[in-house]
Each structure stands twice: as C-alpha cells, then as structure tokens.
Q: 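Quick one: the structure is below, and I'll ask about it shortly.
Note: hydrogens, waters and symmetry copies are ignored here, and every other heavy atom, side chains too, is used.
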Amino acid sequence: MNHRMLLGGLCLLTLMGCKDSRSFDIDKTVLADKIRGAWAGQAIGCTYGGPTEFRYQGTVIADSINIEWTDGQMEWYYNNSPGLYDDLYMDLTFVDVIHREGLDAPVESFAKAYADAGYPLWHANQAGRYNIHRGIMPPASGYWLNNPHADDIDYQIEADYAGIMCPGMPNTASDISDKIGHIMNYGDGWYGGVFVGAMYAEAFRHTDVRTVVDEALRTIPEQSRFFQCMKDVITWHDQYPSDWHRTWQLVEEKWADEMGCPDGVKSPFDIDALINSAYIIIGLLYGEGDFSRTLEISTRCGQDSDCNPASAGGILGCMLGYENIPAEWTKNLKAVEERDFAYTTISLSEACQYSMEAAEKLILANGGRDLGKAYRVKGEKPLPVRLEQSFEGLKVIEVRGGQPISDICEETFTGCGIVVSGYVSNAPADYVAEVVVTVDGVVKQTMRCPADFHERTTELCWMYDLNEGDHLLHLLWLNRVEGIQLQSTRVIVYGSAEYGE
C-alpha cells in the first residue's frame, strides 16, 4: 500500500481555514497514537542499529551484510545490554523532571538530574557532567571553550522528548532545547537537537517526509554549517533520488572532517552532530515513508548507527502513528513496553503517558483549545534559533600521539590552541589526579582528573584562545602515587584559519 495514501486516510488532521493556516485539529486518540509511534520508533531503531554502532566508520554498511531483526531482540537487550538504550533513558531524565516539577522547571533541576544520574556518559554528555560537578553550570557547561565535545551528537540523541511534547509547535520545542540542550552542547551539537525536535513537532501535522524535513530546517540559521550541510543533503537527494549511496559519498567528501571531538579529529571516527544528522535525513528522504527502508538506510550510513535510526524511526513513527508501523517491528515491543528502562523508573508506556500530559498542557498554554474529542493546535511557523558556531576561525594544524606522564609532561607546539586527551588508570575509584597546566611559564589551570569512570574527564587540558605562535606546554602531576598511571593519548594543535596562508 502507498504510505502517503495510508497517511492521508488515517491521520485525521484537519487544517483550519482561519487566519493562521498552520492551526489544525487533531483527534486525541490520534495524538496519543502518534506519541506512542514516536517512542516506539525510537526504541525499535535503537535496537535495530545497536549491533553496528560505530563498527563502520567512514564507510557504509554494505548491502551484503545482513542486519538482523529477530523475535525477542528487544527483550534480549533489556536483559543483557540495557545500556544500549541511552537514547531513551537520557530523554527520560528530562521527561521525569518535567513530570515532577512542571514545564517551567529551572535548568538547574535538569542539570542536576542528568549530572547525578547513575548511568555512564561519554563525549559532550560526560564533559557537561564534569563541568557541572566542578561548578560550571549551563549554558557555560556546554559552551565550546569549556567543552571540547560541544559539537558532538549528544543532545541530538536526547532531544526527541522536546518534539514529542510539542505537536505542531517547533518553536516551543526549540525553546525547551535552548534551556536543556546547552547543558552539554553548543553550536552544531545544539542544532542537531533543535532540528530533531522540530522534525518531531512537524511530523504531527504533515503526511510527507520531505515537508517535515524542509519545515524543520527553517529552525536552523541559514548562515550555519549545520544548515548548509542539511541543505546539501536535500539538494543531492533531488539530484540523485534513487541513489542514497551517491548522496552519502558527497556528504563524506564535503562534511566529514571533525574539528572538535578529540577522538574524531583526523580519524575515521565521527560523532559530530552535523554528519549524523545528515544520515538521519538521508534515511528519511530515501526511505520515502517506508518504515523498514528508512531504518535500513539510516543504519547503513554507519557511524552512530543506533542513534541515527532511532531518531529517523521515531520521527517517522510519529508521522505514521503506532498503529501504522508494520507489525513485524512492533511485535518486539510487547515483552518490554511495561518494563522500566535502565537507570529510570519509567517504562515505554509511561513515557507515552507523560509525553501526552505535557503535550496537552503545551497545546493549551500556546493558545490551543480543548474541543472535547480533539485539540485545536495553534501551529507555529518555524523560526530560526540564534547563530552559534563552535571552533570558529580555527583549523587543525597537527595531531600527534600521547605519552605516559611521570611527574611532568612537555609539549612544544605552534598555533593558538591545544587539546591533550588522557586518563587515569590502575587507581582506586576515589583517587583524583591533580595536574597543573602551564603554557610558556604561566599557570592556566589546575585540572582535577578523577579515576572514577562516572566522574572522569577525557581531556587533561584544552585551550583555544592563545596568541598565535610558538608555545611550551607543561603538565605537572602534583599528587603522583606509585603504581597509579596517568596517560596522555592524543595531542591536537589548532591554529587560526588565516595563519600561514
């Protein structure tokens, strides 16, 4: 059956013939079904792509490689590898705060809930946690000068909740993401979450994937790299409508160079929000409303290949509604939908309930009306959020390997910035290495580097605002203990984009 015909017949959305043509009526049962479809699609996509996550870097997953979807697959992950569902339990941290404290909960409540949660974190999320626990609160905790992972995918994989509770209201979703997304991200990292949230919001009132993507992209400033990359994907899809591999290759050639994440600079590994958002919309556009095809393409694009089909599947699941997701995909949900996700007291069913409650409140708070069996939603014209760019005016000069640190580590470099990745090992959990960072004889900071995985920093130092020129970096380990190891792993040198040209 043609998916557009199916959507047109069952969506039950009525655009209003009033001054604001974006207003629409939505039956309450349809609203609930779309919310359920959004959460279900996210969980299904995450499970489907889980086995391939970051196993394919800088390459597609070839068609000859089978990606399995077997009976009991979700239950197996719930029982044996529940950490796979960080895409969902991270969202639920914020959903839970809204449920307990209301839509106007202060950012400090969200930051504390996330930073103190028992789950492990990586990249921008871990850097944000590290900042918060040493007193750097949002939005400074996500700002790129304080967070080398500011452009990473983290908030993008967590922003689904914002769009799910904002049917037809992309700007309201952006306002929520402004507060919460800057806990851990900035610039492209934040835009990834804004864009995903807006696509969910638009999926409630449109029945065509291309319209959802186009409308949501209006929330991103046209001057940004993020907008330009997404626009390229749309253009290349128009030029090569039956060849997603061609579009993937063009994205790889133009947009795959990491600037921020120390693990991804000059490496096949790419956790940048920009490229992974591109893979989401490659899946959506080339999937053409077919749930199975959308998941397969967004997964086969590689890199963060569980998060990307989770977002694509959630957005399409919202547009289709739960009842229109093929049964071959939803049957795996039956065994787990009443079980709490790891690190939470919230099940998939409760996530749907809480999102429905929040959506109802936001519809009314934004000028909508309760019509009894339906809501009249005052739809919003998507407006661009403010321009933010991380690592602006910088270029990567050099990447070199790290070294074990005894008492002191020295690095000479020419440029205006440096990042040294590293870690503490063979230490008790309560040990915290204290490292004095000096550049050209001037103390810049004293880093506290916990051995505890929950509290760790993955960088021993970072700075991007030195005067251009020759520098000497010293890392002095103050509290060295015999047997404990401190290791630098990677050194990245930055210069101004104009320097040496």
Q: Taking the side chain as every heavy atom from C-beta outward, state whether Trp462 and His149 have any atom pair closer than 4.5 Å.
A: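 They are not in side-chain contact.
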Q: Can Asp27 and Lys373 be counted as an ion pair, charged N to O under 4.0 angstrom?
A: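 No, no charged N to carboxylate O under 4.0 Å.
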Q: Could you walk me through whether Glu288 and Val209 pass the side-chain contact (heavy atoms from CB on, under 4.5 Å) test, one step at a time?
A: CA-CA 7 Å; Glu288 297 183 320; Val209 168; over 6 Å; no
Q: Are the side chain of Arg55 and the backbone of Pro51 linked by a donor-acceptor contact shorter than 3.5 Å?
A: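 Present.
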Q: So which of Leu274, Val213, Val385, Ile280 actually passes side-chain contact (heavy atoms from CB on, under 4.5 Å) with Phe195?
A: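 Answer to the side-chain contact (heavy atoms from CB on, under 4.5 Å) test with Phe195 among Leu274, Val213, Val385, Ile280: Val213.
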Q: Counting neighbours of CZ on Arg134 that are heavy atoms of other residues, nucleotides or ligands and sit closer than 6.0 Å, is the number greater than 12?
A: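 It does: Arg134 CZ has more than 12 such atoms within range.
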Q: Run the side-chain contact (heavy atoms from CB on, under 4.5 Å) check on Thr52 and Gln303 step by step: do they pass?
A: CA-CA 8 Å; Thr52 63; Gln303 298 293 359; over 6 Å; no
Q: Show me the pairs that pass side-chain hydrogen bond (donor to acceptor under 3.5 Å, both in side chains) and involve residues 67-77, at least two apart or across chains.
A: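 side-chain hydrogen bond (donor to acceptor under 3.5 Å, both in side chains) check on residues 67-77 returns Thr70-Gln73, Asp71-Lys331.
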Q: Walk me through whether Ser277 and Gln156 qualify under side-chain contact (heavy atoms from CB on, under 4.5 Å).
A: CA-CA 8 Å; Ser277 268; Gln156 178 174 299; 2.5 Å; yes
Q: Distance check, rounded to the nearest 0.5 Å: Ile363 atom CD1 versus Asp370 atom CG?
A: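 One finds 9.0 Å between CD1 of Ile363 and CG of Asp370.
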Q: Where the side chain of Asp304 meets the backbone of Ile271, is there a donor-acceptor pair that is under 3.5 Å apart?
A: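 No.
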Q: Return the minimal non-hydrogen interatomic distance between Gly189 and Ala273, and the atom names on each side.
A: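 Heavy atoms only, the tightest pair is CA-CB, 3.9 Å.
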Q: Does Tyr48 have its ring centroid less than 6.0 Å away from the ring centroid of Trp329?
A: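 So the answer is yes for these two rings.
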Q: A side-chain contact here means heavy atoms from C-beta on lying under 4.5 Å apart; do Asn276 and Tyr279 qualify?
A: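 In contact.
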Q: Indicate yes or no for a side-chain donor-acceptor contact from Arg218 to the backbone of Pro382 under 3.5 Å, with no hydrogens or angles considered.
A: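 No; zero donor-acceptor contacts below 3.5 Å.
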Q: Taking the side chain as C-beta and beyond, is there a heavy-atom pair between Ile176 and Cys166 under 4.5 Å?
A: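 The answer is yes; the side chains approach within 4.5 Å.
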Q: Is there a side-chain hydrogen bond (donor to acceptor under 3.5 Å, both in side chains) between His99 and Gln353 once you walk through the steps?
A: CA-CA 10 Å; His99 180 68; Gln353 174 193 333; 5.9 Å; no
Q: Tell me whether the count of non-hydrogen atoms from other residues, nucleotides or ligands lying under 6.0 Å of CG in Asp104 goes above 12.
A: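 Check fails, neighbour count at 12 or below.
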Q: Taking the side chain as every heavy atom from C-beta outward, state whether Cys46 and Leu84 have any atom pair closer than 4.5 Å.
A: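 A side-chain contact under 4.5 Å exists here.
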Q: Determine whether a donor-acceptor pair (N or O, by modelled atom type, separation under 3.5 Å) exists between the side chain of Arg129 and the backbone of Ala117.
A: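 Looks like yes, one N/O pair under 3.5 Å.
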Q: Backbone N or O of Met184 within a donor-acceptor pair of the Asn147 side chain at under 3.5 Å?
A: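 Between the backbone of Met184 and the side chain of Asn147 there is a qualifying donor-acceptor contact (under 3.5 Å).
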Q: Does the side chain of Lys378 come within less than 4.5 Å of Asn366's, by heavy atoms?
A: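 No, too far: nothing below the 4.5 Å cut-off.
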Q: Can you tell me how far apart CZ (Arg225) and CE (Met259) are? Round to the nearest 0.5 Å.
A: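 Result: 8.0 Å between the selected atoms.
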Q: Roughly how far apart are Phe94 CZ and Tyr161 OH, rounded to 0.5 Å?
A: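 Interatomic distance, Phe94 CZ to Tyr161 OH, rounded to 0.5 Å: 6.0 Å.
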Q: Hey, does Glu158 have a side-chain heavy atom less than 4.5 Å from the side chain of Ile180?
A: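 Counting from C-beta outward, Ile180 and Glu158 never come under 4.5 Å.
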Q: State whether Arg386 and Asp178 are salt-bridged, where the test is any N-O pair (Lys NZ or Arg NE/NH1/NH2 against Asp/Glu carboxylate O) under 4.0 Å.
A: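 Salt bridge flag = yes for Asp178 with Arg386.
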Q: Where is the tightest heavy-atom contact between Thr247 and His237, given as atom of each residue plus distance?
A: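 Closest heavy-atom pair between Thr247 and His237: OG1-N, 3.9 Å.
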Q: Under 6.0 Å from the six-membered ring centre of Tyr375 and within 45° of its axis: does the NZ or CZ of Lys28 meet both?
A: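 So Lys28 does make the cation-pi contact.
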Q: Look at the aromatic rings of Tyr89 and Tyr343 and report parallel, tilted or perpendicular, splitting at 30° and 60°.
A: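 Taking Tyr343 first and then Tyr89, their aromatic rings stand perpendicular (interplane angle over 60°).
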Q: Measure the spacing between CD1 of Ile183 and CG of Asn125 and express it to the nearest 0.5 Å.
A: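 Ile183 atom CD1 to Asn125 atom CG measures 9.5 Å (nearest 0.5 Å).
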Q: Can you list the steps and then say if Asn79 with Arg339 is a side-chain hydrogen bond (donor to acceptor under 3.5 Å, both in side chains)?
A: CA-CA 11 Å; Asn79 293 336; Arg339 292 178 55 177; 2.9 Å; yes
Q: Kindly indicate, with the supporting measurements, whether the criterion side-chain hydrogen bond (donor to acceptor under 3.5 Å, both in side chains) is fulfilled by Tyr191 and Thr219.
A: CA-CA 9 Å; Tyr191 290 149; Thr219 63; over 6 Å; no
Q: For a quick test of reading the model, state the closest non-hydrogen atom pair linking Tyr186 to Ser390 and the distance between them.
A: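 Looking at all heavy atoms of both residues, the shortest contact is CD2-OG, 3.3 Å.
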Q: Closest heavy-atom contact between Asn185 and Ala150?
A: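 Closest approach of Asn185 to Ala150: ND2-O, 2.7 Å.
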Q: Output yes when a side-chain donor or acceptor of Asp151 lies under 3.5 Å from a complementary backbone atom of Gly260, and no otherwise.
A: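 Between the backbone of Gly260 and the side chain of Asp151 there is no qualifying donor-acceptor contact (under 3.5 Å).
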Q: I need the Tyr85 OH to Thr344 OG1 distance, nearest 0.5 Å.
A: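 Taking OH in Tyr85 and OG1 in Thr344, the distance rounds to 13.0 Å.
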Q: Can you find a pair of side-chain heavy atoms, one from Arg376 and one from Phe24, that are under 4.5 Å apart?
A: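 Counting from C-beta outward, Arg376 and Phe24 never come under 4.5 Å.
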Q: Among Asn308, Ile315, Leu217, Val233, which residue satisfies the side-chain contact (heavy atoms from CB on, under 4.5 Å) criterion with Ile281?
A: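 Of the listed residues Asn308, Ile315, Leu217, Val233, the side-chain contact (heavy atoms from CB on, under 4.5 Å) partner of Ile281 is Val233.
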Q: Given 3.5 Å as the limit, does a donor-acceptor pair link the side chain of Ser355 with the main chain of Ala351, or not?
A: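 Yes.
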Q: side-chain hydrogen bond (donor to acceptor under 3.5 Å, both in side chains): which pairs involve residues 112-122, sequence neighbours left out?
A: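 Output for this query lists Thr93-Tyr119, Lys112-Asp116, Asp116-His133.
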Q: What is the minimum heavy-atom distance between Leu88 and Ala43, and which atoms define it?
A: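 In this case the closest contact between Leu88 and Ala43 is CD1-CA, 3.9 Å.
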Q: Indicate yes or no for a side-chain donor-acceptor contact from Glu338 to the backbone of Ser347 under 3.5 Å, with no hydrogens or angles considered.
A: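 Here the side-chain-to-backbone pair does not exist.
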Q: Is the side chain of Glu258 donor-acceptor paired with the backbone N or O of Ser267 at a distance under 3.5 Å, no angle test?
A: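 Flag not set: sc Glu258 to bb Ser267 has no pair under 3.5 Å.
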Q: Would you confirm whether the ring centroid of Trp190 sits within less than 6.0 angstrom of the ring centroid of Tyr155?
A: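 Here the rings of Trp190 and Tyr155 have centres that are no less than 6.0 Å from each other.
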Q: Whether Arg210 and Asp214 form a salt bridge (side-chain N of Lys/Arg under 4.0 Å from carboxylate O of Asp/Glu) is what I want to check.
A: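 Answer for the salt bridge query: yes.
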Q: Salt bridge check, Arg22 against Glu215: does any charged N sit closer than 4.0 Å to a carboxylate O?
A: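 Here Glu215 pairs with Arg22 in a salt bridge, since their nearest N and O are under 4.0 Å apart.
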Q: Considering non-hydrogen atoms only, spot the tightest contact between Cys318 and Tyr200 and give its length.
A: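 For Cys318 versus Tyr200, the nearest heavy atoms are SG-O, 3.9 Å.
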Q: Do Leu362 and Thr172 pass the side-chain contact (heavy atoms from CB on, under 4.5 Å) test, and can you show the C-alpha distance, the side-chain angles, and the key distance before you say yes or no?
A: CA-CA 8 Å; Leu362 284 166; Thr172 300; 4.0 Å; yes
Q: Between Arg36 and Glu337, is there a side-chain N and carboxylate O pair less than 4.0 Å apart?
A: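 Answer for the salt bridge query: yes.
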Q: Do Tyr78 and Phe341 have ring centroids that are under 6.0 Å from one another?
A: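 Yes, close enough.
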Q: For a 4.5 angstrom cut-off between non-hydrogen side-chain atoms, does Trp236 reach Val251?
A: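 Counting from C-beta outward, Trp236 and Val251 do come under 4.5 Å.
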Q: How far apart are the C-alpha atoms of Asn131 and Asn146, what are their side-chain angles, what is the distance that settles it, and do they pass the side-chain hydrogen bond (donor to acceptor under 3.5 Å, both in side chains) test?
A: CA-CA 8 Å; Asn131 282 338; Asn146 302 324; over 6 Å; no
Q: Please check: side-chain N/O of Thr294 versus main-chain N/O of Asp290, any donor-acceptor pairing under 3.5 Å?
A: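 Yes.
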